[in-house]
Amino acid sequence: MELARSSDSLVQQELIGGSKPIAAGQREPVLVREVRLDPDHLEANRIVAFTTGGESGRYYDMLRTQVLQEMDKKNWQFLAVTSPTAGCGKTVTACNLAMSIARLPERSALIVDLDLRKPMVANYFGLPRSGGVLSVLDGQIPVSAAVTKAAVGPNSLFVLPGSAPTHGSSEWMASQTMTVLLQAIKREFRSHTVIFDLPPMLLGDDVISILPRMDAVLLVTGVGSSSVADVKECQKHLERVPVVRVVVNKASEKIDTYYGYY
């Protein structure tokens, strides 16, 4: 299912932040931006799961299979990706996982940048950050107008990028407006696996505020970046949310990120 499949479904979508919705009878088209990603830019930013057969990409394919098996058992759609602290590689993991899922036949993926403190998904993909999540939350544009269809090779995925960093991130995360946004995403992308790139858990209350609205969590830790105490502190906050996998991000001489699971 593609977002642009039906003009009727797009014109009926309400603006999130309280602005006047478009009436169902009006024909005001909303176009999904379509861009082709630069493979060289992706590889330079460690986004490697857009093609099959790569040495580093196969680790993300393994992670993809494990995550989807767990999510399919419970019919889960929303996956949060977070880390204990900064520098663990959570955004790289989220982007690669989304791309790996998008390569599967009969699977679709949407990645949403909800790291409102430091949105980086657009940077990794080489996309502009204008008209992103905050524009939707502010009621300036509907979800469909903020989403970009990003293609590389024969595959594509949908991206809802972040905007400029905001200091009011925790208030947005806990707001009713965010709840309405998540409901709109669930409705408009009901056949997609939706990956949310969240801020690091221990840098504030952003993640704790939105975790109850997620189906499952992928925790990304980094050797040299996450201490045992950090991981244990995260576990306290994750007791009520299923953790599908813990990724251990390790340094390597040849490739910046390898991954292990437990």
Give a yes or no on whether the backbone of [Y] and the side-chain of [X] come within a donor-acceptor separation of less than 3.5 Å.
X: Asn96; Y: Tyr60; result: no
X: Asp215; Y: Phe78; result: yes
X: Glu233; Y: Leu202; result: no
X: Asp115; Y: Lys118; result: yes
X: Thr65; Y: Asp61; result: yes
X: Thr85; Y: Ser225; result: yes
X: Arg103; Y: Ala49; result: yes
X: Thr148; Y: Ala150; result: no

For the atom pair [atom1] ([X]) and [atom2] ([Y]), what is the distance rounded to the nearest 0.5 Å?
X: Arg64; Y: Arg58; atom1: CZ; atom2: CZ; result: 13.5 Å
X: Glu43; Y: Asp38; atom1: CD; atom2: CG; result: 9.5 Å
X: Lys90; Y: Ser83; atom1: NZ; atom2: OG; result: 5.5 Å
X: Leu68; Y: Leu79; atom1: CG; atom2: CG; result: 9.0 Å
X: Ser226; Y: Leu219; atom1: OG; atom2: CG; result: 7.5 Å

Lys186 atom NZ, neighbour heavy-atom count above 12 within 6.0 Å: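 Yes, the 6.0 Å shell around NZ holds more than 12 heavy atoms from other groups.
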Asp72 and Arg107 ion-paired at < 4.0 Å: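 Here Asp72 pairs with Arg107 in a salt bridge, since their nearest N and O are under 4.0 Å apart.
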Heavy-atom closest pair, residues Leu198 and Ala80: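 Closest approach of Leu198 to Ala80, heavy atoms only: CD1-CB, 3.5 Å.
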Nearest non-hydrogen partners of Val231 and Pro84, listed with the distance: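 The pair with the smallest heavy-atom distance is CG2-CG, 4.5 Å.
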Donor + acceptor pair across side chains of Asp206, Ser169 (<3.5 Å):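 Present: a donor and an acceptor within the cut-off.
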Exercise: do Thr91 and Asp197 side chains pair donor with acceptor under 3.5 Å: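 Indeed, the side chains of Thr91 and Asp197 share at least one donor-acceptor pair under 3.5 Å.
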Is the shortest heavy-atom distance from the side chain of [X] to the side chain of [Y] under 4.5 Å?
X: Thr82; Y: Phe196; result: no
X: Leu37; Y: Leu127; result: yes
X: Leu181; Y: Val143; result: yes

Listed partners of Pro128 passing side-chain contact (heavy atoms from CB on, under 4.5 Å), at least two apart: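 Listed in chain order: Ser130.
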Under the ring-ring contact (aromatic ring centres under 6.0 Å, His included) test, residues paired with Tyr124 that sit two or more places apart: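 If we apply the ring-ring contact (aromatic ring centres under 6.0 Å, His included) test to Tyr124, skipping adjacent residues, there are no hits.
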Passing option when Leu134 is tested against Pro119, Pro165, Ser163 for side-chain contact (heavy atoms from CB on, under 4.5 Å):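 For Leu134, the side-chain contact (heavy atoms from CB on, under 4.5 Å) test succeeds with only one of Pro119, Pro165, Ser163, which is Ser163.
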For Asn45, side chain to side chain donor-acceptor pair (under 3.5 Å) partners two or more places apart: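 With neighbours one apart ignored, the set is His41.
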Cluster link Trp76 to Ile195, ILVMFWY, side chain under 4.5 Å: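 As far as the 4.5 Å side-chain criterion goes, Ile195 and Trp76 are connected within one cluster.
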Cluster check Leu203, Trp172: I/L/V/M/F/W/Y, side chain < 4.5 angstrom: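 Looking at the clustering, Trp172 is in a separate group from Leu203.
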From CA spacing to verdict: side chain to side chain donor-acceptor pair (under 3.5 Å), Asp138, Ser135: CA-CA 5 Å; Asp138 281 337; Ser135 297; over 6 Å; no
